[in-house]
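First up is the structure itself, then whatever we jot down about it.
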There are 2 protein chains.
Amino acid sequence: MNHRSAYRVPKSEVLKAALDLFSRKGYSDAKMADIARKVGMSVGALYLRFSNKEELFMELIRDQSKDFIEHTRSLPLHEPLNALKTYIAINIDHALHKRQILSIIYREYNLLSLKDLRHEFFKTQHGIIRDILRAGVKNKAFKAMDINDTASMIFASIRGTIMLKLIFGIGDAKSMGNSLFKLITNGIRKDAS
Amino acid sequence: MNHRSAYRVPKSEVLKAALDLFSRKGYSDAKMADIARKVGMSVGALYLRFSNKEELFMELIRDQSKDFIEHTRSLPLHEPLNALKTYIAINIDHALHKRQILSIIYREYNLLSLKDLRHEFFKTQHGIIRDILRAGVKNKAFKAMDINDTASMIFASIRGTIMLKLIFGIGDAKSMGNSLFKLITNGIRKDAS
DNA sequence: CGTTCATATGAACCATCGTTCAGCATATAG
DNA sequence: CTATATGCTGAACGATGGTTCATATGAACG
């Protein structure tokens with residue numbers, strides 16, 4: 001039956017090369033031939049592994065998104081302040097670790113499937129932040145507030161900080177996390193109301 | 001000498017069409033033929049106005065960026081809290097007004113010329129925020145703080161909020177501005193330190 | 001009117017790139 | 001060793017799209 005079964009170059013290696021090219025050049029400007037060349041194989045062999053470019057791309061996204069959510073499980077909700085600090089740190093860490101895939105997801109935003117992915121991501125993260133805020137308000141650690149709006153703003157601030165790093169190339173991961181945490185928790189007013 | 005001098009379709013109208021197409025499809029997927037068709041002229045006529053696609057694109061960016069900075073002059077620095085509120089409102093307003101060009105600038109970030117533009121923008125805005133913060137600290141309206149870091153975080157929060165609206169399609173301009181202002185000034189802790 | 005020339009047209013040119021496929025290589029089974 | 005299934009190759013194909021150019025149009029001027 002099966003005479004051979006393994007590809008000379010495994011999918012994972014192709015995806016690695018594709019990640020680099022897509023993130024540096026964008027979807028349209030990353031050529032199938034580039035990807036093939038980068039891993040030292042022919043275009044034809046590429047098409048044995050993936051039926052077309054779009055599928056290769058989506059497989060890459062799927063592969064890289066796998067552990068996207070798992071990181072934020074098991075935050076210490078009984079210590080809301082701590083949970084928030086950890087949440088911010090995890091987010092920034094993770095983003096910088098997966099900066100390549102993120103830069104693609106931010107950019108290629110006419111690809112319909114990415115739109116769904118992003119929305120899904122927002123919903124999940126918004127939920128997590130809401131839980132932290134709700135716990136904090138109950139706890140009297142946080143003031144009364146509009147939890148939905150505040151969660152959106154916190155989400156936006158974190159993503160903005162990541163963008164500052166990714167797109168503008170500005171800032172340092174650790175100190176950025178701290179500054180952001182301080183800003184969100186304490187604000188800048190001397191006599192906060 | 002000059003028998004005629006006006007184009008049947010003026011540049012401004014071409015740029016308007018180009019803006020729509022570039023922002024909806026991105027640089028690569030917006031075709032010269034599309035742009036020509038949209039304003040009811042031939043491809044050849046397009047090349048009488050612009051020497052090539054790249055130049056058309058850059059002219060569009062330049063045209064749209066003209067009043068980008070002017071909006072933030074003359075903030076009331078003697079009232080730092082007010083200045084900050086106004087600054088945030090202006091930024092969000094302006095971004096939503098120019099959402100099309102912004103979505104391009106965020107996306108096409110391998111175009112070298114855009115990189116410069118973005119950096120320039122950050123520097124200017126960071127400076128403005130710094131001025132507000134410095135005035136506030138002097139004024140004792142704001143706490144002592146690392147002005148540079150805080151300015152970066154405020155910039156990031158505002159851009160993140162705008163991104164939330166532009167990319168994720170989430171939020172409402174006015175209430176977003178208010179929520180963000182509240183978050184930045186007061187923070188979420190009950191007993192802010 | 002006839003000449004001139006800025007402006008307009010769109011077919012043709014050319015380069016690029018996703019995709020296919022006929023031919024080749026080789027590992028495994030019998 | 002032979003047969004065969006599997007994997008590999010890269011030239012060729014077809015579509016696409018930026019750019020050019022031979023040709024046309026018609027306004028202004030004498």
Side-chain angles (χ1 to χ4, degrees), chain A residues 1-62 104 107-108 110-114, chain B residues 1-62 104 107-108 110-114:
Chain A
M1 316 269 144
N2 274 352
H3 287 259
R4 254 177 309 173
S5 63
Y7 293 116
R8 186 164 60 73
V9 178
K11 266 194 176 188
S12 63
E13 206 165 318
V14 177
L15 290 180
K16 209 175 114 194
L19 175 60
D20 178 56
L21 287 166
F22 279 129
S23 68
R24 279 195 296 114
K25 305 186 163 201
Y27 183 78
S28 288
D29 290 339
K31 319 297 179 196
M32 291 300 265
D34 292 345
I35 299 174
R37 190 171 338 106
K38 196 173 167 90
V39 289
M41 63 198 274
S42 66
V43 206
L46 212 51
Y47 278 85
L48 290 176
R49 291 160 182 72
F50 309 93
S51 59
N52 55 42
K53 189 181 180 182
E54 170 97 20
E55 206 209 68
L56 193 167
F57 181 72
M58 285 316 298
E59 198 149 328
L60 172 64
I61 299 285
R62 246 176 279 128
I104 301 178
R107 273 153 90 186
E108 307 291 341
N110 13 19
L111 289 182
L112 209 52
S113 27
L114 281 192
Chain B
M1 318 264 146
N2 273 352
H3 287 259
R4 253 176 311 171
S5 62
Y7 293 116
R8 185 166 59 74
V9 178
K11 265 195 178 188
S12 62
E13 205 166 319
V14 177
L15 291 180
K16 208 174 114 194
L19 176 60
D20 178 57
L21 286 167
F22 279 130
S23 68
R24 280 195 295 113
K25 306 185 164 203
Y27 183 78
S28 288
D29 289 340
K31 319 296 178 196
M32 291 300 266
D34 292 345
I35 299 174
R37 191 171 336 106
K38 196 173 167 89
V39 289
M41 64 198 275
S42 66
V43 206
L46 213 50
Y47 279 85
L48 289 177
R49 289 159 182 73
F50 309 93
S51 60
N52 55 42
K53 189 181 179 181
E54 170 96 20
E55 205 209 69
L56 192 167
F57 181 72
M58 286 316 298
E59 199 148 326
L60 172 63
I61 299 285
R62 245 175 279 128
I104 301 178
R107 273 153 92 186
E108 309 289 343
N110 13 19
L111 289 181
L112 208 54
S113 27
L114 281 192

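Order of the sequence lines sets the chain letters (A, B, ...), proteins ahead of strands, with each chain counted from 1. Computed from a prediction, not measured in an experiment: that's the story for all the values here. Worth knowing before you read on, the calculation uses all heavy atoms, side chains too, and leaves out hydrogens, waters and symmetry mates.
Between the CZ atom of B:Phe50 and the P atom of C:dA8 there is a distance of 12 Å, given to the nearest Å. Here the C1' atom of nucleotide D:dG18 and the CD atom of B:Glu54 are 13 Å apart, to the nearest Å. As rounded to whole Å, 15 Å separates atom P of C:dT16 from atom NZ of B:Lys53. Between the P atom of C:dG18 and the CG atom of A:Leu56 lies a distance of 11 Å, rounded to the nearest Å. Counting to the nearest Å, the C1' atom of D:dT19 and the OH atom of B:Tyr47 are 5 Å from each other. When the C1' atom of D:dG17 is taken as reference, atom NZ of B:Lys25 falls 12 Å away, rounded to whole Å. Atom CG of B:Leu21 and atom P of D:dG17 are 13 Å apart (whole Å). One interatomic measurement links the two molecules: CG of A:Leu46 to P of D:dG10, which rounds to 13 Å at whole-angstrom precision.
For A:Lys31, the NZ atom is densely surrounded, since the number of other residues' heavy atoms within 6.0 Å is greater than 12.
In this structure, B:Tyr7 contributes its side chain and B:Ala45 its backbone to no donor-acceptor pair below 3.5 Å. The backbone N or O of B:Val9 sits less than 3.5 Å from a side-chain atom of B:Arg49, completing a donor-acceptor pair. Side-chain atoms of B:Arg8 do not come within 3.5 Å of backbone N or O of B:Met41 as any donor-acceptor pair.
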- Item | Pairing string, 5' to 3', for DNA chain C - Watson-Crick or wobble contacts under 3.5 Å, brackets [ ] where pairs cross, | to another strand | ||||||||||||||||||||||||||||||
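Geometrically, A:Lys53 engages A:Tyr27 in a cation-pi contact defined by less than 6.0 Å to the ring centre and at most 45° from the axis.
Note on B:Asp20 versus B:Lys16: no salt bridge recorded, every NZ/NE/NH1/NH2 to OD/OE distance being 4.0 Å or above.
B:Ala36 comes within contact range of no nucleotide atom at all, as no heavy-atom separation falls under 4.0 Å.
Within the 4.0 Å cut-off from OP1 or OP2 of C:dT9, at least one side-chain nitrogen or oxygen of B:Arg8 is found. Put simply, B:Arg49 has no side-chain N or O that comes within less than 4.0 Å of OP1 or OP2 on C:dT7.
Of all nucleotides listed (C:dT7, D:dT19, C:dT9), C:dT7 comes nearest to the side chain of B:Tyr7. Between D:dT19, D:dC8, C:dA8, one nucleotide has an atom nearer to the side chain of B:Asn52 than all others, and that is D:dT19. Minimum atom distance to the side chain of B:Ala45 is reached by C:dT9, of the listed D:dT20, C:dT9, C:dT19. In the set C:dG10, C:dG18, D:dT9, the nucleotide with an atom closest to the side chain of A:Met32 is C:dG18. Looking at the side chain of A:Leu48, the nearest of the listed nucleotides D:dG7, D:dT19, C:dA8 is D:dG7. For A:Lys31, the listed nucleotide lying nearest its side chain is C:dC17; candidates were C:dT7, C:dC17, D:dG10.
The closest side-chain heavy-atom distance from A:Phe57 to A:Leu114 is below 4.5 Å.
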